[in-house]
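In listed order, ligands and their atoms are each counted from 1. All of these numbers come straight from a predicted model, not from anything done at the bench.
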Amino acid sequence: MNILVTGGLGYIGSHLVSKLIDKKFSIFIIDNLNNSKRSTYKILKKINPNIKGFKKIDLKNKKKLLNYFKKKKIDIVIHMAGLKSVSESYSNVKKYYNNNILGFVNLIETMQKSKIQKLIFSSSASVYAPKISSAIKEDDQLQINSIYGFTKKTIEDIIFLKSKSLRLNYIILRYFNPAGCHQNGLLGENPKGTPNNLYPYIGDIIKKRRKYLKVYGNDYKTKDGTGARDYIHIDDLVDTHLKSLQRLFKYKNIQEVFNVGCGKSITVKAVINSFKKFCNFKIKFKYYPRRYGDLDKIYTNNNKAKKILQWRPEKNLKDIALSTFKYYNK
Ligand code: NAD
Ligand code: UFG
């Protein structure tokens, strides 16, 4: 089975590719290296010498995309490529619109021309209306809270609207907060520039590139006042893709959406403390004002994924801290 992973050299993509190759799938990767590095491909090749190939292609370049699809026999696309910074999306609407939405339109039209009818899409918890009193379920209210969220919701809508005419079988995975690194210590989150997200920023502190963490807000409606998220270990997240692949190849007419998280809300302070407790590493921090657009708390009810995908998260905050520390403390 030939699988194309768009954005396959990114944080989540590279972990997924490594696992898929372990499982003997035949994998193609395209990525424009906007937020990833060619060296990640070298690492993947070192871990899995059977890897088929990486091609630098920007989804915005439809001609190149079409040519690529003509040359390969692809059975399913896992679409992970995209820009993902909520804050940047406010200041650069056009960039997010062009890259995420128009890039996806090019992809789906190319899939249509190439008669590829199976898709897994990396969506996000950012499509939901904020809800802090309880866990979010798939049928909860959707709401656009950021330009980034708008791009994710628009892509979902295009999938819903086009699925009939394309006879598309799809699984949309709405990730909560992926975290942690590969157990071999070779793969991790390695963004370009200053990290926006909590764990890669902590990674910079472990690497001694930065002195302290800026904790954005200590007056949220959470246990200790710091923002709370549903951190899910990258290995558990990757497993939902394997389960989704199995499902898409086993059954016909699959058109489903799943939340992917561990089902617990964990504060920034709890993350900081986990490094002290499990890695004996003290993270210095200072409180800063709230970051624009941040929510108090967001976590998922993961029963649907557990029941239908026959999946359950097996790792916890300790595994996330240990694998993160191992990757950055090199
Ligand atoms: P990432 O930035 O590490 O990986 C995305 C990859 O896509 C990068 O390698 C980048 O170079 C590539 N890319 C971007 N635009 C492209 C384009 N036009 N053409 C080709 N390649 C392009 O991000 P990630 O954390 O691995 O996220 C993967 C996907 O999951 C993204 O779509 C993101 O929105 C989604 N997601 C991530 C999180 C998270 O917290 N990491 C949460 C929810 C959803
Ligand atoms: N935080 C800090 N300091 C930092 C970075 C983050 O205090 O330097 C805090 C944030 O304020 C928030 C928590 O850590 O309370 C998590 O922030 P992240 O930036 O790591 O994650 P977000 O929840 O803001 O966003 C992530 C992805 C989005 C995705 C969303 C889905 O970046 O793409 O999860 O829940 F949409």
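In terms of N/O distances under 3.5 Å, ligand 1 is approached by Ile12.
Here the protein heavy atom with the shortest distance to atom 10 (C) of ligand 2 is Asp294 OD2, 3.4 Å. If you check which protein heavy atom lies closest to atom 4 (C) of ligand 2, you get Tyr216 CE1, 3.4 Å.
Interface atoms of ligand 2 facing Lys84, defined by a heavy-atom separation under 4.0 Å, are 32 (O), 33 (O). The distance from ligand 1 to the heavy atoms of Met80 drops below 4.0 Å at these ligand atoms: 28 (C), 29 (C), 31 (C), 32 (O). Residue-ligand proximity, Ile57 to ligand 1, at heavy-atom distances under 4.0 Å covers atoms 19 (N), 20 (C).
Distances from atom 15 (N) of ligand 1 to the heavy atoms of Val86, Asn34, Leu83, Asn99 put Asn99 nearest.
With sequence neighbours left out, the side chain to side chain donor-acceptor pair (under 3.5 Å) criterion links Arg174 to Tyr128, Glu156.
Using a 4.0 Å cutoff on heavy atoms, Asp31 counts as a contact of ligand 1. Between Tyr148 and ligand 2 there is a heavy-atom distance shorter than 4.0 Å. At least one heavy atom of Asn196 sits under 4.0 Å from some atom of ligand 2. Using a 4.0 angstrom heavy-atom cutoff, Pro178 counts as in contact with ligand 1. Assignment of Ser123 to the shell around ligand 1 is supported, since a heavy atom sits closer than 4.0 Å.
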Tell me which donor-acceptor pairs under 3.5 Å the side chains of residues 205-215 have, and how far apart each pair is, sequence neighbours excluded?
| residue | atom | partner | partner atom | Å |
| --- | --- | --- | --- | --- |
| Arg210 | NE | Asp204 | OD2 | 2.7 |
| Arg210 | NH2 | Asp204 | OD2 | 3.1 |
| Tyr212 | OH | Tyr288 | OH | 3.0 |

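Cation-pi check for Lys55 over Tyr68 is not met; the charged atom does not lie both under 6.0 angstrom from the ring centroid and within 45 degrees of its normal.
Looking at Lys63 and Asn67, their side chains never bring a donor and an acceptor atom within 3.5 Å of each other.
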